[in-house]
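Working notes, beginning with the structure itself.
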Amino acid sequence: MVPVLLILIPLLTGLTAFFIKNERSVRSWVLFSSLITLVISLLGFTILKEEKYLQHQSDWMMAFNSSFSVKLDGMGQLLCLLTALAYPLIFWATWRVSYKKANNFFALMLLAQAGLMGVFLAMDALLFYFFWELALIPMYFLCSLWGGEKRIQVTFKFFIYTFVGSLLMLIGILYVYAQTADHSFDINSFYKVTLSGKQQGFLFWLFFIAFAVKMPIFPFHTWQPDTYEQAPTATTMVLSGVMVKMGVFGIFRWLLPVLPIASFQWGDIVTSLAVTGMIYASLIAMRQNDLKRLVAYSSIAHLGLMCAAIFAENKSSMQGVMIQMFNHGINIIGLWIVVEIIERRYGTRKISELGGLAQKAPALAILLVIIALANIALPLTNAFAGEFLMFNGLLNSAVTKYYVWFTAFAGLSIILAAVYMLNMIRKVFYGDTNIITETATDITLNEKLALGVIVILIFWMGVYPQGLLNITNEITDSILKKADILPMLPKY
Amino acid sequence: MQNALELVYWIPLLPLLGFLINGLGRRYLSKSLISIIGCSVIFASFILSCWVFMEVKGGNSHVAEYFNFISVGKLIIPFAFQVDALSSLFLLIITGVGFIIHVYSTSYMKEEKPEHFGRYFSFLNLFIFSMLLLVMGANYVIMFMGWEGVGLCSYLLIGYWFKNNDFNKAANKAFIMNRIGDLGFLIAVFWLIAKTGTVTYADVFANVSKLNSTDATVITLLLFIGAAGKSAQIPLYTWLPDAMAGPTPVSALIHAATMVTAGIYMIARSNVLYSLSPLSMNVVAVVGLATAILAATIALKQNDIKKVLAYSTVSQLGFMFLALGVGAYSAAVFHVMTHAFFKALLFLAAGSLIHAMSGEQDICNMGGLSKKIKITYITFLIGCIAIAGIPPFSGFFSKDAILLSAFENNKILYVVALFGAGLTAFYMFRLLFVAFTGNFRGTEEQRHNVHESPASMTIPLIVLAILSIIGGFVGIPEVFMQGGEKLNEFLAPVIPLKTEHLVSQATELSLMGLSTATGVAAVVFAWFFFRNYKRSEAGGLGKILENKWYVDELYGKIIVNPLNKLGDFFNSVFEGRVIDSIVNGVGKVVNYTSRQLRLLQSGQVGNYILLMVLSMVLIFVLQFFLRK
Amino acid sequence: MPVNYYIFLSIALFCIGIAGVLTRRNAIIIFMCIEIMLNAVNLMLVAFSKMHHLKNAAVDATAGSDGQIFVFFIMVVAAAEVSVGLAIIVMMYRNIHSVDVNFLNRLKH
């Protein structure tokens with residue numbers, strides 16, 4: 001019941017939103033809808049904890065043995081909660097931004113939410129693919145209709161990347177489907193399918209490219225900074241806060257358990273790509289002058305670490321990735337809110353044109369510093385536990401010989417992250433004011449509250465990460481068990 | 001009565017509360033209220049620390065577990081505090097010296113606006129909280145939390161006057177250099193987890209047998225990188241002199257008395273691990289000694305009073321690492337304690353001096369101040385005598401303990417260290433003589449404004465001066481007093497006592513005589529050269545020293561610039577021309593082909609038919625040939 | 001007469017039709033060429049039908065008759081095509097005062 005509601009509410013309210021022409025009422029309507037979704041996803045943790053509420057199965061396309069099968073397991077709970085939490089925050093923080101044809105904008109946003117929920121809940125490969133596309137297609141429209149100056153060009157790039165990825169994944173899904181014993185798209189049939197090492201090898205890349213584009217992993221990443229820069233900020237928040245987690249999630253749910261041998265074989269290469277990407281993106285972030293691009297590259301570096309940690313394949317790294325998916329989402333939405341505020345209030349997001357904001361807007365400065373420090377994983381903020389576990393997992397990885405090198409190089413990004421975040425803070429907030437920032441004013445109560453919620457979450461998850469870790473404890477065990485290749489290949 | 005050890009969580013909690021109240025209420029509270037809250041929470045912590053100190057005196061220790069911070073599979077990291085001899089001693093230093101500096105700050109910072117005043121005190125409280133977390137943690141992860149926390153506070157306080165961009169750059173530099181060390185620390189922790197499966201001190205030290213010598217060396221060296229970052233050792237020391245951009249009490253508290261000694265605490269805490277690896281011990285000793293000498297040489301030619309003190313701190317920290325490296329952990333801790341007293345004193349007195357000179361920091365523009373600001377002068381003098389190692393001031397005993405251990409270990413180390421000690425005495429008295437004797441060299445306006453500081457600044461000076469004089473007696477060597485070396489005995493539960501003395505009492509006494517003579521000689525030299533100081537241009541070696549051996553420039557050339565260039569290259573060339581052109585290339589190829597194919601759609605019916613016929617023929621032919 | 005002759009004749013007719021369609025621009029002539037092609041096919045069908053009947057008459061009296069029936073269908077369709085096609089050509093002439101197909105390139109735009 002819960003999972004169906006999580007998908008249906010945004011879907012239906014989203015479709016309704018197309019017909020609400022009044023801008024104010026459509027805003028209230030979507031905020032209301034997203035709050036309901038949040039309440040339901042919280043219920044999934046607390047009152048409606050029993051199995052019967054958390055899964056649902058009904059006929060869908062019986063001809064292909066594909067059913068509408070959704071389930072809220074630990075990983076789904078975490079990501080659905082993130083999605084459900086992100087939306088009200090986003091709507092709230094961008095309350096003042098006005099859009100042409102606001103009804104269409106918000107309707108598409110909610111449709112994307114329905115897609116995201118579906119991706120995180122689907123227990124059927126075809127359904128997964130369906131929701132994957134459902135989440136992406138509204139994004140194309142959001143970027144190309146409401147984006148910045150270069151939106152057409154950029155959306156085109158975004159489209160090529162993600163669509164090629166999606167299609168490759170579809171081929172992969174169909175291939176695995178053909179190999180299943182009972183010709184079914186059900187996740188359990190996928191988990192049971194036996195594939196030779198060679199088959200797994202090429203299937204791996206079919207799936208991985210789709211997920212890598214989404215995360216994104218170097219060198220599949222260049223759509224991201226451009227898209228983040230050009231997309232309307234609310235869309236960017238969804239893209240970077242939630243949607244990039246689709247890639248990580250996909251690896252967890254579909255790649256590792258279905259293709260364990262290939263994940264082991266290609267693990268080193270993938271990890272090298274991820275680690276290269278971390279350094280690469282951090283170095284670029286150091287030289288960015290545009291706030292949006294800086295945050296975008298920092299996100300690439302963080303996702304690189306998650307990818308590397310997944311392929312370390314042990315409990316510590318996986319748990320780290322799980323909670324980091326949630327925490328990174330919170331932090332980066334916080335950063336985007338700040339960027340959005342700066343751009344809207346002061347009319348620029350060029351770092352070189354700003355300065356001295358801490359004098360004029362102390363509340364904004366404090367909140368940003370906290371979020372930025374969380375972003376570089378200072379202890380007692382939320383990202384620390386995740387990064388700690390991921391690095392620990394990386395160094396203790398049993399599936400690669402090069403774990404020391406991976407950890408050392410990945411660790412460099414910790415230092416570089418401090419460099420670019422602190423330089424950004426220094427140039428934007430400290431120093432003396434200039435013409436642009438002289439007349440700056442501090443943020444309103446509404447904005448303080450939105451950022452305040454994020455800061456509270458940062459500290460809560462930072463001081464007591466175990467709460468999140470408990471949610472995903474079982475699911476990581478089961479993934480690890482399925483991804484364990486030891487019983488299959490005695491020689492390793 | 002409840003056992004104090006059950007209440008240890010209040011020790012860090014109180015400063016945290018102070019931070020929250022001052023931080024959130026900085027716009028609403030008056031300055032005096034802020035000072036009262038800021039100081040009283042630290043004082044309360046100090047009282048609790050004393051109580052705890054009494055409890056652990058008999059060798060007690062207590063581990064208080066609150067909740068599981070992280071528990072994943074077999075790895076369990078509890079949020080737990082541990083109080084034992086070592087941490088309780090640090091608690092006393094942190095809260096005690098911290099309290100004195102808080103009191104001093106109330107008048108040093110009184111010209112700030114109320115909200116900035118509140119910000120300042122909230123940061124100081126947060127710093128004390130982090131530092132307490134660092135020394136009270138019962139495992140390496142809690143220590144790391146405090147470790148990064150103090151780094152953060154240091155960053156915030158160095159950049160306290162955030163309008164000045166140079167200060168902000170110094171703050172960034174401090175944080176980033178610390179992060180380099182932190183990475184080493186983190187990897188060491190992961191390595192420990194890999195080999196022993198735990199991070200809790202007690203369990204790690206019980207399981208050291210699981211470590212082979214390579215592991216022990218790697219772990220201890222990585223930990224040392226962390227310590228070098230935090231405690232400003234070669235090659236990560238350059239942030240500390242720049243950190244003097246912060247307010248002077250901050251320099252006293254963070255960059256002299258407490259935070260920079262965190263590295264010493266960490267190594268002393270991990271002494272079990274270090275004892276497994278002679279190689280690491282040697283590295284620590286050599287790096288420490290090299291830092292001590294290098295920093296001392298630089299201090300010879302600096303004219304900014306705070307910079308001299310900063311290099312002197314780096315140098316003294318080097319001595320402490322030398323002690324750690326030769327296995328004299330308790331001597332290092334002893335020096336941490338006495339150094340906290342006299343260096344805090346020196347910084348605060350310098351602050352009082354700067355205050356008197358209306359913000360002037362260059363000693364070339366001072367001179368002849370000894371009569372005008374007597375209390376400051378006398379306390380500064382006491383500090384100088386203490387750091388120069390002249391008996392019976394505190395610095396003598398602790399430095400002597402270090403020199404003695406070095407002598408027992410390796411004669412060359414001893415000689416170089418003795419030379420360093422002589423340099424210390426020389427540059428400190430140079431500072432003293434240039435600043436306080438001779439003629440006044442400042443402007444008329446400054447001369448007019450010279451005044452002694454208010455009581456809330458001089459009383460802390462006097463308290464610290466007394467501590468600098470008598471602080472050494474807790475570690476008075478056995479040669480002077482039966483039942484001496486109380487400190488070693490006190491630390492024995494954490495740091496094993498060395499049973500036998502390698503040198504005879506006569507040697508020990510003559511070594512002391514030698515070091516005292518060196519110190520006195522250096523003071524005399526300094527008096528000879530600098531009692532009537534006149535500014536002159538430095539040349540040759542002097543110029544190199546004035547420019548700090550050009551280390552900053554070197555780092556800029558070989559690390560910072562190449563990284564920036566690489567970033568630029570990636571950003572403007574690689575990203576756009578390589579990766580993007582591949583992606584856009586795909587799009588362009590599609591575009592190009594479709595443009596070519598479009599030409600076929602000429603709209604001429606004849607063409608279509610021709611194509612149709614041709615394709616039919618083609619299909620027939622193909623079918624004819626391909627059919628088997 | 002062997003069936004080969006009919007086949008050759010039919011192919012010749014068909015090729016003439018194709019050549020005409022490809023080379024001529026006058027819509028009416030193209031139309032006539034298409035008719036030639038259709039009739040070439042018809043001829044082929046009738047020829048094969050006869051051949052088939054001769055071979056299998058002993059077994060089945062109606063053998064091969066389907067081919068001839070098919071021809072009728074084709075003729076009917078061709079007649080319908082003529083009526084529609086001529087109507088189109090008339091309309092075309094009214095609009096552009098020409099029956100040259102090369103003017104019919106509006107699809108391009």
Side-chain angles (χ1 to χ4, degrees), chain A residues 156-157 160-161 164 218-219 221-223 225-226 280 282-288 314-316 319-320 356 358-359 362 366 369 373 376 378-380 384-385 388-389 391-392 394-396 407-408 411-412 414-419 422-423 425-426 429-432 463-466 469 473 476, chain B residues 23 67-75 77 79 115 119 133 141 144-149 151-152 155-156 159 162-165 167-169 171-172 175-176 178-180 182-183 186-187 189-191 193-194 563-564 566-568 570-572 574-576 578-580 582-584 586-587 590:
Chain A
F156 179 62
K157 202 190 312 183
I160 289 185
Y161 262 117
V164 167
F218 175 87
H221 66 277
T222 55
W223 64 271
D226 290 344
Y280 176 82
S282 304
L283 283 173
I284 292 184
M286 270 166 54
R287 306 303 288 171
Q288 285 307 322
N314 57 38
K315 180 86 182 163
S316 169
Q319 283 283 60
Q359 291 165 54
I366 292 168
V369 167
L373 291 173
I376 59 177
L378 212 75
L380 294 182
F384 172 69
F388 182 86
L389 287 172
F391 275 112
N392 180 38
L394 204 53
L395 187 72
N396 289 329
T407 318
L412 288 181
I414 291 188
I415 301 165
L416 296 177
V419 175
L422 294 187
N423 273 334
I425 294 174
R426 176 171 70 80
F429 285 90
Y430 297 158
D432 236 333
V463 175
Y464 188 65
Q466 191 58 37
L469 289 171
N473 194 18
T476 41
Chain B
F67 56 88
N68 269 355
F69 178 62
I70 289 174
S71 145
V72 168
K74 284 180 206 141
L75 173 67
I77 302 170
F79 197 97
E115 58 186 88
R119 186 160 63 91
L133 209 58
V141 174
F144 186 74
M145 280 179 194
W147 191 268
E148 290 248 295
L152 167 67
Y155 161 76
L156 292 171
F162 56 73
K163 276 189 197 170
N164 185 327
N165 235 330
F167 292 4
N168 297 325
K169 279 185 186 158
N172 277 7
F175 194 89
I176 289 158
N178 269 303
R179 273 241 144 177
I180 299 174
D182 294 351
L183 178 62
L186 261 187
I187 294 179
V189 173
F190 299 142
W191 208 289
I193 294 174
L563 275 184
N564 282 341
L566 195 62
D568 278 339
F570 282 158
N571 186 21
S572 49
F574 194 74
E575 189 84 345
V578 181
I579 300 185
D580 254 9
I582 293 173
V583 178
N584 289 340
V586 173
V590 172

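Side chains are part of it too, since the values below use all heavy atoms of this structure and drop only hydrogens, waters and symmetry mates. Every chain is numbered from 1, with letters handed out A, B, ... down the list of sequences.
Of all the listed residues (Trp147(B), Phe167(B), Phe574(B)), the one sharing the greatest number of non-hydrogen pairs under 4.5 Å with chain A is Phe574(B). Most heavy-atom pairs under 4.5 Å with chain B: of the set Asp432(A), Ile414(A), Asp226(A), Leu394(A), this distinction falls to Ile414(A). For chain A, the option among Leu156(B), Leu186(B), Leu133(B), Asp568(B) with the highest count of heavy-atom pairs below 4.5 Å is Asp568(B). Annotation: maximal heavy-atom pairing with chain A below 4.5 Å, among Asn164(B), Val578(B), Leu152(B), occurs at Leu152(B). Highest contact tally toward chain B, considering only Phe429(A), Phe218(A), Tyr280(A), Trp223(A), is held by Tyr280(A) [criterion: heavy-atom pairs under 4.5 Å]. Comparing Phe391(A), Phe384(A), Phe388(A) by heavy-atom pairs within less than 4.5 Å of chain B, the highest count is held by Phe388(A). The greatest number of non-hydrogen atom pairs below 4.5 Å with chain B, out of Thr407(A), Leu389(A), Ile160(A), is found for Leu389(A). Comparing Pro465(A), Pro219(A), Ala417(A), Ala385(A) by heavy-atom pairs within less than 4.5 Å of chain B, the highest count is held by Pro465(A). With respect to chain A, the highest number of heavy-atom pairs below 4.5 Å among Ile70(B), Asn178(B), Ile187(B), Asn68(B) belongs to Ile70(B). With chain B as partner, the option from Asn314(A), Leu378(A), Leu412(A) having the largest number of non-hydrogen pairs under 4.5 angstrom is Leu378(A). Comparing Ser572(B), Gly159(B), Gly567(B) by heavy-atom pairs within less than 4.5 Å of chain A, the highest count is held by Gly567(B). When each of Phe67(B), Phe69(B), Tyr155(B) is checked for heavy-atom pairs under 4.5 Å with chain A, Phe69(B) comes out on top.
With a 4.5 Å cut-off on non-hydrogen atoms, Val164(A) does not touch chain B at all. In this structure, the portions of Phe570(B) lying under 4.5 Å from any heavy atom of chain A include both its backbone and its side chain. Using a 4.5 Å cut-off between heavy atoms, Lys74(B) does not touch chain A at all. Heavy-atom distances place the side chain of Val189(B), and not its backbone, under 4.5 Å from chain A. Looking at Val141(B), the atoms closer than 4.5 Å to chain A (heavy atoms on both sides) all sit in the side chain, from C-beta outward. Only the side chain of Ile77(B) comes within less than 4.5 Å of a heavy atom of chain A; its backbone N, CA, C and O stay farther away. For Ile180(B), the parts sitting under 4.5 Å from any heavy atom of chain A are the backbone and the side chain alike.
Side-chain contact check for Lys157(A) versus Thr222(A): some heavy-atom pair is nearer than 4.5 Å. Phe162(B) has its side chain within reach of Gln359(A): a pair of non-hydrogen atoms, C-beta onward, lies under 4.5 Å apart.
Counting only N and O atoms by type, the side chains of Asn396(A) and Asn392(A) include a donor and acceptor under 3.5 Å apart. Counted by atom type alone, Lys315(A) and Asn473(A) present one or more donor-acceptor pairs between their side chains at under 3.5 Å.
In this structure Arg119(B) satisfies the side chain to side chain donor-acceptor pair (under 3.5 Å) test together with His116(B), sequence neighbours excluded. Residues forming a side chain to side chain donor-acceptor pair (under 3.5 Å) with Tyr430(A) (at least two apart in sequence, or on another chain): none.
With Gln466(A) contributing its side chain and Ser71(B) its backbone, the two residues share a donor-acceptor pair below 3.5 Å. Of the possible donor and acceptor atoms, none in the side chain of Asn165(B) sits under 3.5 Å from a partner among the backbone N and O of Gly431(A).
In this structure, Asn172(B) and Arg426(A) approach most closely via the heavy-atom pair ND2-NE, 3.5 Å.
Note that NE2 of His221(A) is 5.5 Å distant from CD1 of Ile284(A), once rounded to the nearest 0.5 Å.
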